[in-house]
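Single-structure report; data block below.
Only this structure's heavy atoms are used, side chains among them; waters, hydrogens and symmetry mates stay out. Per chain, numbering begins at 1; letters A, B, ... match sequence-line order.
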Amino acid sequence: MEKTYNPHAIEQSWYQTWEERGYFAPTKTDGDSYCIMIPPPNVTGSLHMGHGFNNTIMDTLIRYHRMKGDQTLWQPGTDHAGIATQMVVERQLEMEQKKRHDLGREKFIERIWEWKHESGGNITRQLRRLGSSLDWQHERFTMDDGLSDAVKEVFVRLYEEGLIYRGKRLVNWDPKLHTAVSDLEVLSEEENGHMWHMRYPLTNGQGHLIVATTRPETMLGDCAVAVNPSDDRYKHMIGELLELPLTGRRIPIIADEEHVDPEFGTGCVKITPAHDFNDYAVWQRHRDEISISEQIHGGLINIFTIDAAIRDNEAEEGSLLPQKYVGLDRYEARKLMVADLQEQGLLEKIEDHKLMVPRGDRSGAVIEPFLTDQWYVKIAPLAKPAIEAVESGKIRFVPDNWKNTYYEWMRNIQDWCISRQIWWGHRIPAWYDDEGNVYVGRSEAEVRSKHNLADDYVLRQDEDVLDTWFSSALWPFSTLGWPEQTERLKDFYPTNVLVTGFDIIFFWVARMIMMGLKFMDDVPFKEVYVHGLVRDGEGNKMSKSKGNVLDPIDVIDGIDLESLVSKRTSGMMQPHLAQKIEKMTRRSLPDGIPAFGTDAMRFTFAALAATGRDIKLDMGRIEGYRNFCNKLWNAARYVMMNVEGQDCAIGEIKPGHSAAEGSLQRSLADRWILSRLQKTKQAVADAIDGYRFDHAAQAIYEFTWNEYCDWYLELCKPVLNNEQASDEAKRGTRRTLVRVLENLLRLTHPVMPFITEEIWQRVAPIAGVIPATDGDSPAESTATIMNQPYPTARHSLIDEAAESEMAWVMQFILGIRKIKGEMNIAPGKPVPVLLANTSESDKLYAERHRPFLDFLAKTESIEILTPQDKEPESATALVGEMKVLIPLAGLIDKAAEIKRLEKEINRLQSDAERTDKKLSNPNFVDKAPEAVVQKERDKLAESRKALESLQAQLEKIQQL
RNA sequence: AGGCGCGUAGCUCAGUUGGUUAGAGCGCUACCUUGACAUGGUAGAGGUCGUUGGUUCGACUCCAAUCGCGCCUACCA
């Protein structure tokens with residue numbers, strides 16, 4: 001084995017081997033089924049740290065369950081991401097100076113498929129680099145045939161039940177992309193703007209009302225001004241008419257208690273129902289009032305084109321919209337109209353104003369509320385059972401409090417606008433005839449036959465496609481074959497857990513629950529594990545515009561500073577930020593990123609995955625876990641050096657276990673490490689079962705480094721290197737050495753798949769869990785750690801006696817090391833040791849474990865003093881009540897020892913005082929549970945004894 | 001405005017139904033090129049657990065208030 005662990009050398013070839021050999025596919029077992037659906041990444045996407053985190057958790061769970069013998073499926077696939085994908089290809093066309101309309105719908109969609117075949121595999125390639133054991137043989141895509149059938153089926157069934165309908169409503173309109181978007185795709189952020197105060201004159205010449213607005217251009221669509229009916233300033237004017245400036249129209253003053261807050265602004269609100277959601281609601285309440293209903297279009301006046309420019313008048317509208325503004329973009333129109341108002345003396349004032357501006361998350365364009373025909377899912381009947389599923393505990397959120405967020409959203413949910421005016425996506429399965437009739441069916445043929453329409457009867461299919469989330473909502477069953485009743489569907493639905501960030505609970509999680517309950521009559525998953533966000537070292541959200549994104553691949557393979565800078569500053573939406581990003585990058589990662597390897601990154605994610613908490617990514621921490629990999633690697637190297645070609649007392653081969661052969665003897669260290677291993681196995685399994693990946697990682701880390709490496713490997717040396725040690729002892733130690741390592745590798749494999757496989761291939765044959773390959777390279781072995789049984793705690797190997805005896809040994813060694821460390825004695829320098837105040841077991845242990853003590857504490861001699869013996873002046877350590885003495889003679893500085901003792905005595909004293917105070921409080925003794933009181937008593941006795949012993953020692957030295 | 005969450009060592013984080021001397025990693029200090037590993041070893045320094053009250057024999061842990069920070073939802077024209 002190489003002296004240092006090199007992840008690069010092994011990761012990709014192992015992954016390839018696993019995939020080629022089909023290890024990721026579920027195998028029929030007699031265990032339970034276990035299934036996770038990948039949150040399908042956007043096919044245009046590229047991997048970010050969130051994916052890294054998310055997939056580490058899922059893969060850990062999947063590998064854990066697969067090793068436990070469950071029939072395990074991790075279902076992969078990607079999402080067609082309607083708008084995003086269409087934009088990618090439109091940008092390509094732009095380079096050729098073409099627009100999608102130049103190609104036409106069919107050709108354009110062909111182009112997208114071409115793009116998908118060429119570049120759509122990017123993200124799945126990256127997922128492989130993370131070690132994700134996804135069942136690639138069954139990879140799905142939301143636009144593939146099966147999933148498209150599922151989409152049609154669901155649409156038709158919901159339509160037939162009256163749960164899908166078409167209607168003219170206000171939607172969030174993206175004037176750049178020319179499509180409706182759902183309210184979840186609109187991001188509102190505070191921006192600086194203005195508030196324009198405008199005068200609307202009363203028609204009776206009795207003055208004017210002042211209305212304030214952030215969007216003055218919408219006044220062209222006003223149908224009223226609303227006041228609060230209890231507002232004394234205005235209530236006498238209700239019903240009177242105003243002159244709507246610039247238009248020549250007259251609009252009424254209406255009373256609306258719900259919408260108008262008399263305290264705010266002037267207390268007068270202009271009502272523009274076709275361009276504001278609140279105003280639309282006001283209009284709905286008042287549209288039957290004659291002063292509104294007799295207005296053109298019943299007062300619901302759209303003023304925009306799909307580009308959000310002022311539209312032209314229809315033939316019958318006359319000059320509803322003043323010709324002067326027609327064709328102007330909304331912001332140009334605003335400018336001109338404000339100037340015109342000013343000129344007419346109708347502008348009261350302009351104030352600076354901060355307002356929330358809604359922008360499309362894809363285009364960045366300011367979203368307009370816009371009146372269009374759209375398809376909707378009636379959501380209330382679907383939401384009700386979805387709420388109940390969580391209330392009843394059929395679905396459990398981890399951490400639990402996310403259910404509140406879920407309820408909050410579900411109880412206020414609005415009908416879902418599912419149509420999008422783009423070309424890439426599932427085309428809505430609805431056809432129209434020239435009479436305006438709508439026919440919905442799985443295909444045109446089905447529609448014709450169902451409605452007895454002749455072949456030459458003209459039908460046009462709806463031009464729109466469905467929201468991408470519509471197909472994603474079906475993911476848990478569509479990917480398993482639905483609407484076919486497949487074996488996979490039977491085996492794996494409902495799935496076990498959904499692992500996701502909280503940001504898509506609304507987008508996706510809630511919709512899957514609704515659709516799953518509706519069409520499978522069962523929940524899509526039993527648990528939802530919600531994890532935090534991955535942030536940069538300063539705690540900022542990673543984003544392209546901030547330039548602080550990290551590509552997990554760069555953490556795995558490393559990247560130099562220059563490449564990182566150019567990566568972060570190229571292809572930006574806002575090139576003016578490049579300089580800032582460059583500076584920030586050079587400051588925060590001055591040496592670029594070293595190659596840490598996949599396993600180290602995964603271990604870091606696991607270690608930081610405390611429930612629900614965001615992860616602030618600390619390079620130092622990743623480095624620490626890279627070092628951990630190296631530690632494990634070198635421990636294995638050491639083990640191999642000692643067991644390869646040696647007799648390890650291995651008997652018959654069984655997966656995960658092998659019988660012992662021949663007589664062997666286990667040392668205290670052997671029994672101790674086996675006992676510790678069992679407890680670690682239990683701790684890790686408990687942690688993973690409870691989604692506490694941080695605890696699992698910590699248990700593995702501590703066992704590996706602090707127990708196996710720091711103590712056990714060292715304790716092996718005096719046995720293995722000692723020519724006097726018996727064969728039985730050596731065989732026992734070798735067997736333990738190799739088998740504990742082999743167990744540890746399996747224990748760690750779910751978190752760190754690569755390094756564990758690489759080492760395991762060498763160790764497993766020696767540990768007797770797989771047959772030895774006859775000198776061939778490990779890569780040719782047909783066994784894999786992936787399919788080995790997950791280690792379970794064997795209670796018969798838990799050995800409390802060995803643990804406490806070992807504690808004695810460790811305390812002994814630590815005591816001497818401490819003296820050496822604090823006295824500036826070279827750790828390697830052998831020292832004579834005297835033992836005083838010894839019990840029988842002290843004497844026994846000292847004799848029995850002499851080789852351990854000599855080797856690890858570097859003791860030169862150990863002499864047991866009788867009570868009659870005179871103790872020479874010494875430095876002292878306590879092991880229980882026994883005094884471990886290192887004679888001062890020549891070695892030790894008296895003053896230093898006095899200082900050392902005083903410090904120790906001080907500590908013990910304050911300890912004893914604290915405990916004493918507790919115990920002398922009658923309330924404590926009376927009210928605290930007996931066990932707690934007893935514990936304090938024992939503690940006090942112990943520290944008093946120690947104190948006594950050290951104080952005597954101190955006096956003795958002081959008298960010298 | 002409402003909801004959720006966070007504040008523990010210089011930094012990143014643990015702390016299980018209230019009962020240890022409040023822990024780990026990184027960083028820091030000193031010493032150590034010992035034959036698995038300097039991506040290492042040994043020893044050590046470092047915290048009045050945001051603040052203030054309260055409940056309790058006992059509070060990092062429970063309650064209240066308060067300060068600071070973050071996120072989400074709804075927003076006032």
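Across all strands shown, A45(B) has no partner, as no Watson-Crick or G-U wobble contact with both distances under 3.5 Å is found. Pairing of G18(B), defined by two Watson-Crick or G-U wobble distances under 3.5 Å, is not identified with any nucleotide. Nucleotide U39(B) forms a pair with no other nucleotide shown, judged by Watson-Crick or G-U wobble geometry with both contacts under 3.5 Å. Pair assignment for C69(B): G5(B), on the basis of Watson-Crick or G-U wobble contacts that are both within less than 3.5 Å. Of all nucleotides present, none satisfies the Watson-Crick or G-U wobble test against C60(B) with each distance under 3.5 Å. Remark: A24(B) base-pairs with U12(B). Criterion, Watson-Crick or G-U wobble with two distances under 3.5 Å.
In terms of phosphate contacts, K903(A) brings no side-chain nitrogen or oxygen within less than 4.0 Å of OP1 or OP2 of A43(B). For the pair R637(A) and C37(B), the criterion of a side-chain N or O lying under 4.0 Å from OP1 or OP2 is met. The side chain of H197(A) places no N or O atom within less than 4.0 Å of a non-bridging phosphate oxygen (OP1 or OP2) of A77(B). The phosphate of G19(B) (OP1 or OP2) has no side-chain N or O of K927(A) nearer than 4.0 angstrom. Taking side-chain N and O atoms only, N921(A) has no distance below 4.0 Å to OP1 or OP2 of G58(B). Within the structure, every side-chain polar atom (N or O) of N278(A) is placed at least 4.0 Å from both OP1 and OP2 of A77(B). Applying the 4.0 Å criterion to OP1 and OP2 of C37(B), one finds that K631(A) has every side-chain N and O outside that range. Not one side-chain nitrogen or oxygen of K818(A) sits closer than 4.0 Å to the OP1 or OP2 atom of A43(B). When the side-chain nitrogen and oxygen atoms of W705(A) are compared with OP1 and OP2 of G41(B), one or more of them lie within a distance under 4.0 Å.
Aromatic stacking is not marked for F924(A) over C57(B), as the cut-offs of 5.5 Å for the centres and 30° for the planes do not both hold.
No side-chain N or O of D911(A) forms a donor-acceptor pair with one of S943(A) less than 3.5 Å apart. In the model, E368(A) has no side-chain atom that pairs as donor or acceptor with a side-chain atom of H275(A) under 3.5 Å.
No engagement by Y5(A) is indicated, since no non-hydrogen atom pair under 4.0 Å with the nucleic acid exists. Residue contacts for E714(A): at a heavy-atom cut-off of 4.0 Å it reaches a base atom on one of the strands shown.
In this structure, F628(A) and W705(A) have parallel ring planes: the angle between them is below the 30° cut-off, well short of the 60° mark.
With hydrogens and angles left out, the side chain of E408(A) and the base of A74(B) share no donor-acceptor pair within 3.5 Å.
For the ring-ring contact (aromatic ring centres under 6.0 Å, His included) with W402(A), the qualifying choice from F502(A), Y529(A), F397(A), Y407(A) is F502(A), the only one to do so.
Going from the P atom of G46(B) to that of A64(B) covers 36 Å, rounded to whole Å.
Taking the centre of each ring, F812(A) and F852(A) stay at or above the 6.0 Å mark.
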